[in-house]
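Structure first, commentary second.
Note on naming: letters A, B, ... go to the chains in the order of the sequence lines (proteins, then strands), and numbering restarts at 1 for each one. This structure is a prediction, so every number in the text was calculated from the model and none was measured.
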Amino acid sequence: MKINANIAISQSGYIFNPQTGESFSLNPIGVEVIRMLQEEKPKETIVASIVDRYDVTASAFACDLDDFVSLLKQYEMLTDE
Amino acid sequence: MDSSKKIRYERPLIKPINAMMPGKTGKDTYLVPVLDVDGVPVSALVEKYGSPLFVFSERKQRENIQRAKRSFTTRYPKVHFAWSYKTNYLDGICKIFHEEGSWAEVVSGFEYDKAIRNGVSGNHIIFNGPAKTKDDLKKAITNGSFIHIDNMDELYLLSDLSDELSIKPKVAVRVNLDTEINQIWDRFGFNYENGQAWDVLCKIVRMDKFELKGLHCHIGTFILTAHAYAVAAEKMANLACNVKQKLGVNIEYLDMGGGFASKNTLKASYLGGADVCPSFDEYAEAISTAIYKAPFKTSDLPVLILETGRALIDDAACLISTVLSNKRSSSGRRFTIIDAGVNMLFTSFWYDHKVSPAQPFSKYYEDVTLYGPLCMNIDVIREFVSLPLLNRGDHLVIHNVGAYNVSQWMQFITLRPYVVQVSREGKVSVLRKRETIETIVNQESSTTDNL
Amino acid sequence: MSDVKPYYTIAVTGLNAVDNPGPGVPVVRSLKEATSFSCRIVGLCYELMEPGAYMHDLVDVCYQVPYPSAGTEALLSRLDYINDKEHIDVIIPNFDAELFSYIKLENELSKRHIALFLPTLEQFEARQKFNLHDFGKRIGLEVPRSINCDTMDDFLGKSDRSEWSYPLVVKGRFYEAYVVHDDGQFVANFGKIAAQWGTPVIVQQFVEGSEFNVIGFGSADSKLLAAVPMRKQFITDKGKAWAGITVSDSRLVDMARRFVEASGWRGGFELELMRGRDGNAYVLEINPRIPAWVYLATAAGQNIPELLVNAALGKEVKAFDKYDVGKMFVRCSWDMIVDQEEFGAFSVSGEKDNRQK
């Protein structure tokens, strides 16, 4: 699972997908997560990193992360590898 | 890391930038978190009474009735309000309105008994509706209540009871009329325009078995144009003057019914209810001006009775609810399931109730469909609403739920929740306990009757 | 007399110069050509892609604002935020659907030294499409026969259906109108409009003829200060003029005068007229704001947005006594090239500063 290489993310949370021409906005935690996905961090590392800093349990965040990733797929930003 | 130092969590969000055609058709929400009800924290209320939970504000109810009274009494010399029991007949609510001087307006034997229980004297009860039983009527006649006649059968039944009890019942005639809006509630009472109402008034006077006291109308519900009341009041006032002139009876009161709108937003409305709902002043101006136009002698000016319910109580209550789960539709749309459904929030069938989160949130919103907890497809609280990112366990406050819900709700699939009230001093009292399984099964039985 | 012209900050809505354009961009163009003041423009946008937001020469800064359906409270809090940064002198709202909110906010805004020049709520309501028939009768303007319907059956089930004949016009209470020729089209378009704009839906007898519009302006003391009649020369499928020409017909100006004097109308307006085969001009609609073709009037010698700003600020204003006849406009679509970053930043922050570019 990998974020497509040509996706550009601005610090403000604006994303443009050059392949589909769609643009999106992210909240700050969304920016963090997508950057970790870009760096190809495994899911466990992402969960640990978020749970360490945010007021959330691992299971609750894992559930939200799955949902987030499924949307990235739907928006054609992920390649399965 | 110490959990107290952690950053407040919010779900990661990715949202397509809505490339709508520039125009003016979109809907959006600007919300602030609602952390308390009249100073009592939502979290404390939920901890004590559970979720969902109806919370009424005594302060708001008193403010509303006082404002309504001021609007009318500063324009018209003789005004009475009668609390519409069907709008909300919890004793703790009715008592507030009675304390503020309101009579009772009831539409069934059950509501009549409730008014008596609440200490309302019989001659301060207005008995409306199309379905009064013989026993109901006997009670009302004996107590000297005002009976508003809906149909001819009822008139003759009352005539018989008048003979039987040797008492002249105090009556008014329910009139329906065209007020230049599209609602004409001609299923209740006698029509003005086609002369039915006049005929029945003549009959009542001729029969000489009644004390004809008043005329009553109730032009519809959620009437957003004050002008409709001006039309109705003018017709009612002219009818009263005709009764005086041609039949020689002085009509002592005009009961203009209810139907004033609340601040809720009707589903078909583009502008928000808080903006389009006429004020009490506007309704009062329309009604009083119209009555003054009629040729009453100053001494004969009738008492004006108002039975408004919704406009006095709707914004005095909220329903606290809790997020049960989040999921996505087949197209990726956010569905959020909460623990309050249409079984207790009947009014979500016709309003887009305003919904506020009960905890702080960021500027990030998503479009959501809010579902209730029932395993029924109709259980939708808001079809389209923009809300901050909600987590399981977060609380929501659904506004303007004071009218009809706590009387029209049903026990279906789940039990009905606590109803509490915050007093003016900020104290919380229980108006109605949460139902338990015993509440339900105690009414069930397996005895056999031989008929 | 001093040569230094006053300098105002003017906020304008309706920058959606699209196929069915809002009046914002031509209003700004007129303001920039004002001779009695100079100004900077704050664009108030509902949508990210309103073309005016990307016209750096015309609009200085832009802010997203909540839709009228979000309520006046939300609008006021957003305007407070914007005003803190921009110190607005005058707001010119350009959409029918937002006027209700601005009229309600007039007092609040005046406390903040922000001026508006709008009709009263009574004037605004009286000319609403669903009141127009009675209003026209009262002030002596001819209006085609119409009824307001909450449901389709209010028309389809009418006992005097035989007195109506297709084609009819089915109109939303704020926007949109369709000409329908049979029950099938009636049902389809009625549903569409009711879903979008709520009820009542207005059903009006269609009048055959040629279309004229009059742009006008009423002063605080019920005088007609400006009026320019225009004949539509090319009409889009949405019924909008894509080209038009000013005409000299004084009867049309008289209708505008009667409207202002009878209703006491304050501010800009547009009469949409149909001159029927019988020679009479029927009022199809009265729009409670400046129309999108306002720049034609400016070019013909009557700068109505400038007049509006001066009237709003309590300056002395004089009635125009002439305009150029035969002045013509042809509307144009133009593809601007927009910096994607600029769009992205606007979408995230809801604010946009065109002066930095």
More than 12 heavy atoms of other groups within 6.0 Å of [X] [atom1]:
X        : atom1 : answer
B:Asn377 : CG    : no
A:Arg35  : CZ    : yes
B:Glu425 : CD    : yes
B:Glu47  : CD    : no

* **Heavy-atom donor-acceptor pair, A:Asn27 side chain to B:Leu13 backbone, under 3.5 Å** => yes

* Within the side chain of B:Lys6, is there an N or O that forms a donor-acceptor pair under 3.5 Å with the backbone of A:Val51? ->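 Here the side-chain-to-backbone pair exists.
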
* **Any side-chain heavy-atom pair of A:Asp67 and B:Arg334 under 4.5 Å** =>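 With C-beta onward as the side chain, the pair touches.
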
* Test ring pair (Phe, Tyr, Trp, His ring centres under 6.0 Å) applied to B:His399 - qualifying residues, sequence neighbours left out ->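 So B:His399 forms no ring pair (Phe, Tyr, Trp, His ring centres under 6.0 Å) with any residue.
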
* Rounded to the nearest 0.5 Å, what's the gap from CD on B:Glu10 to OH on A:Tyr54? Could you check? =>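 Taking CD in B:Glu10 and OH in A:Tyr54, the distance rounds to 9.0 Å.
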
* To do: Output the distance between atom CD1 (B:Ile17) and atom OG (A:Ser25), rounded to the nearest 0.5 Å.
  => 5.0 Å

* Criterion side chain to side chain contact (heavy atoms under 4.5 Å, CB included) on B:Asn391 and A:Val56, from CA distance to verdict -> CA-CA 10 Å; B:Asn391 297 318; A:Val56 65; over 6 Å; no

Pick one of side chain, backbone, both or neither for [X], based on which atoms fall under 4.5 Å of a heavy atom in chain B.
X       : answer
A:Leu26 : both
A:Gln74 : side chain
A:Tyr75 : side chain

Atom of [X], atom of [Y] and distance for their closest heavy-atom approach:
X        : Y       : value
A:Gly30  : B:Pro12 : CA-CB, 3.9 Å
B:Tyr364 : A:Pro28 : CE1-CD, 3.2 Å
A:Met77  : B:Ile14 : CE-CD1, 3.6 Å

* To do: Identify whether the distance between the nearest side-chain nitrogen and carboxylate oxygen of B:Lys5 and A:Asp55 falls below 4.0 Å.
  => no

* Determine which residues belonging to residues 323-333 of chain B lie within contact range of chain A, meaning some heavy atom pair is under 4.5 Å apart, and list them by number or answer 'none'. => B:Arg328, B:Ser331, B:Gly332

